[in-house]
Amino acid sequence: MRILIAEDDSALAGYVRQGLEAEHYTVDMALDGEQARAMGSEVDYDLVILDLNLPKLDGVSVLRHLRLKRPSLPVLILTQRIRVEDRVQCLDTGADDYLAKPFSFSELSARIRALLRRSHLPSESVLVVEDLKLDRVERRTERSGRRIELTAKEFALLEYLMRNAGRRVSRAMIIEHVWNLTFDTTTNVVDVYINYLRRKIDDGHARKLIHTVRGVGYELSSPEGVPA
């Protein structure tokens with residue numbers, strides 16, 4: 001899942017980003033309100049963490065804009081403002097939760113999981129292909145009932161492949177969506193991580209799910225859907 005942190009304190013934003021990436025989320029940062037408004041409107045985020053005291057455009061204005069553009073997007077306010085009036089204004093404007101600074105990261109993480117559970121239908125939060133299951137909210141992966149431990153990037157790559165199950169995806173598409181980078185033809189990072197996944201997902205199973213599509217890239221699908 002992909003989260004946007006809109007926070008002008010770069011050290012704090014980096015701390016939250018590091019913690020969330022360790023929990024297998026893909027995280028982007030916006031350091032001012034105008035950037036947060038643009039990114040929140042243009043990118044398909046699963047959740048936004050929004051500070052109120054942003055330069056260029058305040059958090060409440062960003063919240064109003066996001067509610068018009070993305071009515072169902074979960075927004076969690078993370079701010080130093082502790083007045084009841086501020087909480088009421090944000091919740092009435094459309095915020096889904098409100099957490100005051102200083103905060104416990106474990107509480108922030110729990111609130112994020114709660115918001116994601118409420119905002120995703122079961123069919124969207126749990127991805128299934130054959131006997132492979134990935135829980136996007138609980139950050140859990142299993143095959144044939146056996147839990148598989150994945151790194152943050154491995155989880156993000158598998159999630160992308162499963163969301164596009166049965167579809168051929170190029171290395172450029174994977175680099176853009178999983179690494180948030182422009183594809184460099186000299187890099188083999190995608191192939192390296194695909195090999196990591198194959199060892200964890202397919203090794204020991206007669207039915208292989210991750211397939212190479214020559215001249216294109218990769219596809220995750222059941223054997224019946226493997227391209228010729």
Side-chain angles (χ1 to χ4, degrees), residues 1-7 12-31 33 35-52 54 59 62-79 90-91 93-99 103 105-129 132-142 150-165 167 169 173-181 220:
M1 290 193 178
R2 195 167 185 177
I3 294 176
L4 173 64
I5 302 172
E7 169 64 63
L12 176 61
Y15 163 74
V16 175
R17 179 179 189 170
Q18 183 178 26
L20 293 177
E21 287 182 337
E23 296 185 348
H24 297 174
Y25 297 101
T26 299
V27 183
D28 296 332
M29 296 193 306
L31 298 179
Q35 188 180 24
R37 180 178 63 182
M39 294 174 68
S41 302
E42 297 168 4
V43 180
D44 186 20
Y45 290 107
D46 293 286
L47 182 137
V48 173
I49 299 172
L50 179 64
D51 184 24
L52 296 181
L54 294 172
V62 174
L63 177 60
R64 288 196 183 99
H65 178 82
L66 292 179
R67 276 293 155 259
L68 290 173
K69 295 290 186 180
R70 302 276 308 281
S72 62
L73 174 64
V75 178
L76 187 156
I77 302 297
L78 185 63
T79 181
C90 288
L91 293 171
T93 303
D96 298 279
D97 201 356
Y98 194 108
L99 182 61
F103 61 94
F105 181 81
S106 60
E107 181 181 1
L108 173 64
S109 179
R111 287 173 181 256
I112 288 171
R113 290 194 298 273
L115 288 176
L116 292 174
R117 278 195 297 271
R118 291 200 295 268
S119 65
H120 286 80
L121 297 173
S123 60
E124 295 175 327
S125 62
V126 179
L127 305 176
V128 179
V129 177
L132 176 64
K133 182 169 73 171
L134 182 145
D135 190 318
R136 301 175 67 212
V137 175
E138 298 298 330
R139 322 305 293 171
R140 184 183 181 96
T141 308
E142 297 177 354
L150 300 175
T151 66
K153 272 291 177 274
E154 290 169 352
F155 190 96
L157 175 56
L158 181 60
E159 179 184 357
Y160 180 70
L161 292 174
M162 292 184 72
R163 289 182 72 179
N164 291 278
R167 176 188 177 198
V169 291
M173 292 166 65
I174 292 172
I175 283 284
E176 179 182 350
H177 287 87
V178 177
W179 275 268
N180 297 328
L181 298 172
L220 188 144

For the student: nearest non-hydrogen atoms of [X] and [Y], plus distance:
{"X": "A165", "Y": "V129", "value": "CB-CG2, 3.8 Å"}
{"X": "L73", "Y": "D46", "value": "CD1-C, 3.9 Å"}
{"X": "L20", "Y": "F105", "value": "N-CZ, 3.7 Å"}
{"X": "R70", "Y": "D44", "value": "NH2-OD1, 3.4 Å"}
{"X": "R118", "Y": "L115", "value": "NH2-CD2, 3.0 Å"}
{"X": "A6", "Y": "L50", "value": "CB-CD1, 3.7 Å"}

Find out whether Q35 and M29 are in side-chain contact, i.e. whether some heavy atom of one side chain is under 4.5 Å from a heavy atom of the other.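 In short, these two side chains do not touch, never coming nearer than 4.5 Å.
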
Heavy-atom side-chain proximity of T141 to D135 below 4.5 angstrom: no

Side chain to side chain contact (heavy atoms under 4.5 Å, CB included) partner of L127, the single match among L220, L134, L132: L134

Side chain to side chain contact (heavy atoms under 4.5 Å, CB included) partner of D51, the single match among L31, T79, I5: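 So, applying the side chain to side chain contact (heavy atoms under 4.5 Å, CB included) to D51 and each of L31, T79, I5, only T79 qualifies.
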
Could you tell me whether D96 and R67 make a salt bridge, using a distance below 4.0 angstrom between a side-chain N and a carboxylate O? yes

Roughly how far, to the nearest 0.5 Å, is the [atom2] atom of [Y] from the [atom1] atom of [X]?
{"X": "T93", "Y": "H65", "atom1": "OG1", "atom2": "NE2", "result": "14.5 Å"}
{"X": "R17", "Y": "L4", "atom1": "CZ", "atom2": "CG", "result": "10.5 Å"}
{"X": "L157", "Y": "T151", "atom1": "CG", "atom2": "OG1", "result": "9.0 Å"}
{"X": "K133", "Y": "E142", "atom1": "NZ", "atom2": "CD", "result": "5.0 Å"}

Go through Y98 and L78 one step at a time and tell me if the side chain to side chain contact (heavy atoms under 4.5 Å, CB included) criterion holds. CA-CA 6 Å; Y98 194 108; L78 185 63; over 6 Å; no

Tell me whether the guanidinium CZ or amine NZ of R139 lies under 6.0 angstrom from the six-membered ring centre of Y25 and within 45° of its axis. yes

May I ask you to decide if the ring planes of Y160 and H177 are parallel, tilted or perpendicular, using 30° and 60° as cut-offs?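 Judged by the thresholds at 30° and 60°, the geometry between Y160 and H177 is parallel.
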
